[in-house]
Structures are given as C-alpha cells and as structure tokens.
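Residue numbers start from 1 in every chain, and the chains themselves are labelled A, B, ... in the order their sequence lines are given, proteins ahead of strands.
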Amino acid sequence: MDDVQAMHIANGIVDGPVSALFAVLAVLALAFCVWRARADLDDRLAPMAGLVAAFIFAVQMLNFQVLPGVSGHLLGGALAVVLVGPWVGALCVSTVLIVQCLLFADGGLTALGLNITNMALIGTAAGYLLVAALMRFLPKTPGGVGATAFIASVVGVVVASQGFVLEYWLGGTTQLSMTTIAGTMAGVHVLIGLGEGLIAATTVATVARVRPDLVYALRRYRKTVPAVEMADAS
Amino acid sequence: MGAGHAHPLYLDRSGPVHRLAPEVKILATLLFTVVVVATPREELWAFGGYAVLLAVVAGAAGVPMKWLAKRASIELPFVLLAVALPFAGHGERVGWLGMSLSVDGLYGAWNIVAKGTLGVVASLLLAASTTMRDLIVGLDRLRCPAVFTQIATFMLRYLDILADDARRMRIARLSRGYDPRFLWQVRAFAVSVGSLFLRAYERGERVYLAMVSRGYDGRLPRPDAGGATAAQWAQSAVLPVAAAAIAVTAVLR
C-alpha cells in the first residue's frame, strides 16, 4: 500500500470556520443515518455494517489495471448504496473515512467533516435519489439494476466532487476562479466515475443474479415469498 | 500485516509515546491540528515552531525521519495543487525569475503545503504509535457513539479476512490462466468484487447469529474501565499547549 495517494481533502485547503461548519453538519446527518439504519438492520446493525465497511475498505485496496502502468481502485460509495441502501451505506463509508484519517493519515483531521459530507453524504444521497428514481421504470433484473448502478456511480462521484467546489467557494484559502475548479473537478471525476460505474454495474449485476434478496435497490419490488413455499418450489 | 492486530503504519516501539493511553493521543493530535489550521498563514515562523514540536515527538516515539518523509508523500497530489496556485491565483502579482506570480497564490501554496504537511505528520505519528484496537478503545473512551466504535471494530477485525479472501480469488483466477490487464477485461475483476460482497454479507449474517447465540443484545461488553491517568493527560497536553502558545505569540507579536 506504499504507493497510495491521498484522495481526501487535507488540512489547510479549506479554512477553519467552514471546516467546523461541515463537521457539525456531518455529525447531525450521521446521527440521522444511524437512526434510519437501525430501522433497516435492528440489532444486526453493528456486525452487518461492520462487514460491509470492511468490504468497502478491502475493495479500495484492490487495484485493477486500466492501461499498462495506470491502475485505479473503486471508491465504493454508489456500490454500497445499491447493495445496502443509503443509511447503512453512508455509515459504512463514513467509518472507512474516519479510520483512513486516523490510521492511514489520508485526509486531514480538521477536514474530516468536509470529506464525510462529500463522499459519505452528498455522494450517497445523489446516488440513492437516482437509484430510487431509475428503479421505478427500469426492469427489475440484474441488467436493469446494473445500469442503475452505473448511472448512480458516475453522477454520485461527480456530484461529490462538486461538494468540494462548494466548500472551497465558502472557505477556500486562496482566491481562484470557481468555474476553473468546478470544471477541473468535474472533468477528472467523470473519468473516475466511468471506471467506477463500469465495475459497480458488473458487481451489482453479479450479486443480483446470485442473491437478489440482498440487493437493497431491488428489495422494494420483490414479492415476498414465504420460505416454505420457496423450499417446495425448489 | 499477517497477524491482524497491527496496521501497515504501526511501528512497534516501547517509547513513552507508545505507552500513552490512546485517548490522550487522539485528543492531542486533534487539538494540535486545529491550532495549526487556525494559525494565520502570514506567521511563517510559527509553522517552523510546530515542525520542531513534531520533530521532538517523533524523536520520543522513535519514529525515523526517513520513514515519516516517505509516508508523508501521500500528500503529493495536494502539493501539485499548491504548485499551481501562484500561477492561477488572483490579485497583486510579483515578478520572480521572469515569471509573474500571484502574492495571494504564493501564500495559498505555502498555506496548503505547511498546514497539510504538519497535519499529515501529526496523523502519521498517531498511527505509528497506536494499534487498531487501542485506537477504537481510545475513541470509545472519548465518548464516540458506540454504534461507530462497534462498526469500526467489526470492520478492522474482518478487514484482513476479506483482503485474504480477495487475494485467494485472485490467485485462483491466475492459476486458471487468466490475468486481466486492461479496462475491457474488467468483468473478471468485477465478478470477484461481487462474490467478495456476498462472502462478506453472508459472513456478517453468520457472525451475527453466532453473537446472538452467545447472548448479544445490541451492545458489546465494554473494555476494561482503566483509562488515562492524570499524568498521561498532562504529558500529552504538552504538544497542543506548546502549539497554542506559539500561535498566540505569533498573533500578538
């Protein structure tokens, strides 16, 4: 893991008051996520969310080659949203970010609120709103949920990057042209999002084929089949 | 990291910094970073003072400078951003070596490099002297909500298992003669990510059932009550207090 480069905002990029503001925002939003995630998972929350967070962390450690010499890794936010839903997803991504900050020095301590807001809150919220909207009319099949995951990944990553633009606009430490920053961030993140979306789509389609009951985005549309009947049918 | 108790940045030493209770180290690191970020960027020498403080802590912790410098390279993308600032910044400009540089941009670049580096080095020192378990215990004692410390505990406990799972799948794929190396061959990678999720989720369900059958009711037994002593709080307070003193002197001067 020696060649890992920071993807997260460092200290000193955004000034203190704005960082503090977003830290408060992140704490409030996460408290709400905990409340809603409990409704999803009840007292299974800690072990299940822990394993999903470990999954996201492990996925971020897996590099795949894009071209010879260029490799990338997944961020996993949209993947988590489609597979486990927005509340547990946001909790898991935040836990990953906190641990990366404290144990891997990735992302500044004072910028933790900013990073959580962008990647765990804005990214998952945008991704999930799209998933909820798209799943209304796309086919509820592995292909359909895969396409949803692709679009949600691209949009989620780009929107999360614009979260940084907003924060920089509010509390950037240097005057820069905001359109330049917004354009650069969006351009870079569209590329990241396309790669991310391709892998997320295939991953989600695989899971949907094997255990469709585990895919959160499909759960609402499933007819509940009593376990006994399922056993008879098989 | 085969043992699963340490993490890649942990350095096994027995110095005074390693012996401090984790909660005092976390708080000291946080306060120090806050002081650094709050310091006005024009007070150049204050940042030199902070660097000296960190060098003293690194010496006490037995963390080599070379190790710190190598790991601090994680910050590189932001240094590149900083290099661009003097050219892209607005406002008053100065000429240097025939280049026109923005004064605001120069200060901005300094701000990012200085505060970023000090923050990364402080975090590295925390990571180098604290094991994963201690970090969770420390967060717990700092009254971090139990749901987060529990999720983090499970995450760290199972991270190595999942990483090994992924490694085994990769070796199985390689030994069957398939080594995808281009973006258009990404399907094999994605399918193993999918099965990694299934394995993780199903393992979570098994772990939960095993815990319920041992009497789990949504709460984990709290670790031993012994926290930091007053002496340890005082010892670790030296770093943020000294930093705050530097900051106050710099501002009042």
Only one of [options] clears side chain to side chain contact (heavy atoms under 4.5 Å, CB included) with [X]; which?
X: B:Tyr201; options: A:Leu83, A:Leu51, A:Val84; value: A:Val84
X: B:Met155; options: A:Val52, A:Ile56, A:Val99; value: A:Val99
X: A:Leu109; options: B:Leu30, B:Ile26, B:Val36, B:Leu126; value: B:Leu30

Top contributor to chain B contacts, counting heavy-atom pairs under 4.5 Å, from A:Ile98, A:Asp15, A:Leu30 = A:Leu30

Scored by heavy-atom pairs under 4.5 Å with chain B, the best of A:Val210, A:Thr180, A:Thr202, A:Val204 is A:Thr202

When you compare the side chain of [Y] with that of [X], does any pair of heavy atoms fall below 4.5 Å?
X: A:Leu214; Y: B:Leu198; answer: yes
X: A:Val34; Y: B:Phe148; answer: yes
X: A:Thr110; Y: B:Lys115; answer: no

Can you tell me if [X] has over 12 outside heavy atoms packed within less than 6.0 Å of its [atom1]?
X: B:Trp67; atom1: CH2; answer: yes
X: B:Arg173; atom1: CZ; answer: yes
X: B:Arg41; atom1: CZ; answer: yes

Work out which heavy atom in [X] is nearest to a heavy atom in [Y]; give both atom names and the distance.
X: A:Met48; Y: B:Gly204; value: SD-C, 3.4 Å
X: B:Phe154; Y: A:Gly50; value: CB-CA, 3.7 Å
X: B:Leu159; Y: A:Ala58; value: CD1-N, 3.8 Å
X: A:Asn11; Y: B:Gly119; value: ND2-CA, 3.2 Å
X: A:Pro47; Y: B:Val207; value: CB-CG1, 4.4 Å
X: B:Val193; Y: A:Phe55; value: O-CE1, 3.5 Å

Is chain B contacted by the side chain of [X], its backbone, both, or neither, given a heavy-atom distance below 4.5 Å?
X: A:Thr203; value: both
X: A:Leu112; value: neither
X: A:Cys92; value: neither

Given that the side chain runs from C-beta out, which part of [X] has a heavy atom under 4.5 Å from chain A: side chain, backbone, both or neither?
X: B:Thr29; result: both
X: B:Leu124; result: both
X: B:Ala38; result: neither
X: B:Glu202; result: side chain
X: B:Arg199; result: neither
X: B:Val191; result: both
X: B:Leu139; result: side chain

Atom pair CG/CG of B:Leu135 and A:Leu102 - distance to nearest 0.5 Å | 5.0 Å

Calculate, to the nearest 0.5 Å, the distance between atoms OG1 and CG belonging to A:Thr206 and B:Leu196 respectively.
-> 12.0 Å

